Amino acid sequence: QVQIVESGGGLVQPGGSLRLSCSASGNIFGLREMNWFRQVPGTQREFVASIDTHGRIKYGDSVKDRFSISRVGTKNLIFLQMDMLRPEDTATYYCNFVWQGNSNWGQGTQVTVSS
């Protein structure tokens, strides 16, 4: 069984920074990509960033030039560095791992941007 755990959320003022972490444990064979999504209650889950096993990176339009996704070597550990945070970045952030047709999600970590 694969477990995904996010951490690093919290309360930050507008313009501030946070770094989220996500680790996966268990039997993951044929890893394809690792993603960050976010969701505000009552809305659809929004794509934030992804990195695949070749190091190719994509960002959602609303976070480009402010957020940065990275992976620690070949480990099942990724980060999301979030800079210049805005109140509209407030959401629950979810990590997602995709491997050989399987996909699993973490429980999410809350990010609140407010003065």
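All values reported here derive from a predicted model rather than from experimental measurement.
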> Please round to the nearest 0.5 Å and tell me the distance separating atom CD of Glu33 and atom CZ of Arg71.
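Answer rounded to 0.5 Å: 12.0 Å.
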> Test of understanding: clusters of I, L, V, M, F, W, Y form through side-chain heavy atoms closer than 4.5 Å, transitively. Do Tyr94 and Val5 belong to the same one?
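Hydrophobic grouping puts Tyr94 apart from Val5.
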> What's the shortest heavy-atom distance between Ala49 and Tyr59, and which atoms?
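For Ala49 versus Tyr59, the nearest heavy atoms are CB-CD2, 3.6 Å.
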> Working to the nearest 0.5 angstrom, can you tell me the gap between Leu11 CG and Leu18 CG?
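One finds 8.5 Å between CG of Leu11 and CG of Leu18.
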> Establish whether Ile51 and Phe37 are linked, either directly or via other cluster members, by ILVMFWY side-chain heavy-atom contacts under 4.5 Å.
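No; tracing contacts between hydrophobic side chains, which count when under 4.5 Å, never links both residues.
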> Would you please say whether a donor-acceptor pair under 3.5 Å links the side chains of Gln110 and Thr92?
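Indeed, the side chains of Gln110 and Thr92 share at least one donor-acceptor pair under 3.5 Å.
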> How many angstroms lie between CE in Met82 and OH in Tyr93, if you round to the nearest 0.5 Å?
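Rounded to the nearest 0.5 Å, the CE-OH separation comes out at 5.5 Å.
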> How long is the gap from SG on Cys22 to CG on Leu77, to the nearest 0.5 Å?
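Spacing of SG (Cys22) from CG (Leu77) equals 8.0 Å.
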> When clusters are formed by joining ILVMFWY residues with side-chain heavy atoms under 4.5 Å apart, either directly or through shared neighbours, do Leu80 and Ile57 land in the same one?
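Cluster IDs for Leu80 and Ile57 match.
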> As a quick check of understanding, evaluate salt bridge (charged side-chain N to carboxylate O under 4.0 Å, His left out) for Asp52 and Lys58, giving each step before the final call.
CA-CA 9 Å; Asp52 70 14; Lys58 297 179 183 178; over 6 Å; no
> For Gln107, is the CD atom crowded, meaning more than 12 foreign heavy atoms sit under 6.0 Å from it?
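It does not: Gln107 CD has 12 such atoms or fewer within range.
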> Count the heavy atoms of every other residue, nucleotide or ligand shown that sit under 6.0 Å from CD of Glu88, and state whether that count exceeds 12.
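More than 12 heavy atoms, drawn from other residues, nucleotides or ligands, come within 6.0 Å of this atom.
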> Are Ile78 and Val111 connected in a single hydrophobic cluster, I mean Ile/Leu/Val/Met/Phe/Trp/Tyr linked by side-chain heavy atoms less than 4.5 Å apart?
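Cluster IDs for Val111 and Ile78 match.
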> To the closest 0.5 Å, what do you measure between CG (Asn104) and CZ (Phe97)?
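Reported to 0.5 Å precision, the distance equals 10.0 Å.
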> Does the side chain of Ser103 pick up a donor-acceptor pair with the side chain of Asn96 at under 3.5 Å?
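Note: Ser103 and Asn96 side chains meet the donor-acceptor criterion.
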> Would you say Phe79 ends up clustered with Met34 if hydrophobic residues are merged whenever their side chains have heavy atoms under 4.5 Å apart, either directly or through other cluster members?
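Shared cluster, no.
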> Indicate whether any N or O donor in one side chain lies under 3.5 Å from an N or O acceptor in the other, for Ser62 and Glu46.
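Yes, because at least one side-chain N or O of Ser62 sits under 3.5 Å from a partner of the opposite role on Glu46.
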> Which value, rounded to the nearest 0.5 Å, describes the distance between Asp83 atom CG and Phe67 atom CZ?
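Going from CG on Asp83 over to CZ on Phe67, the span is 8.5 Å.
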> Going through the checks in order, is the ring-ring contact (aromatic ring centres under 6.0 Å, His included) test met by Trp36 and Phe47?
CA-CA 7 Å; Trp36 286 100; Phe47 170 74; over 10 Å; no
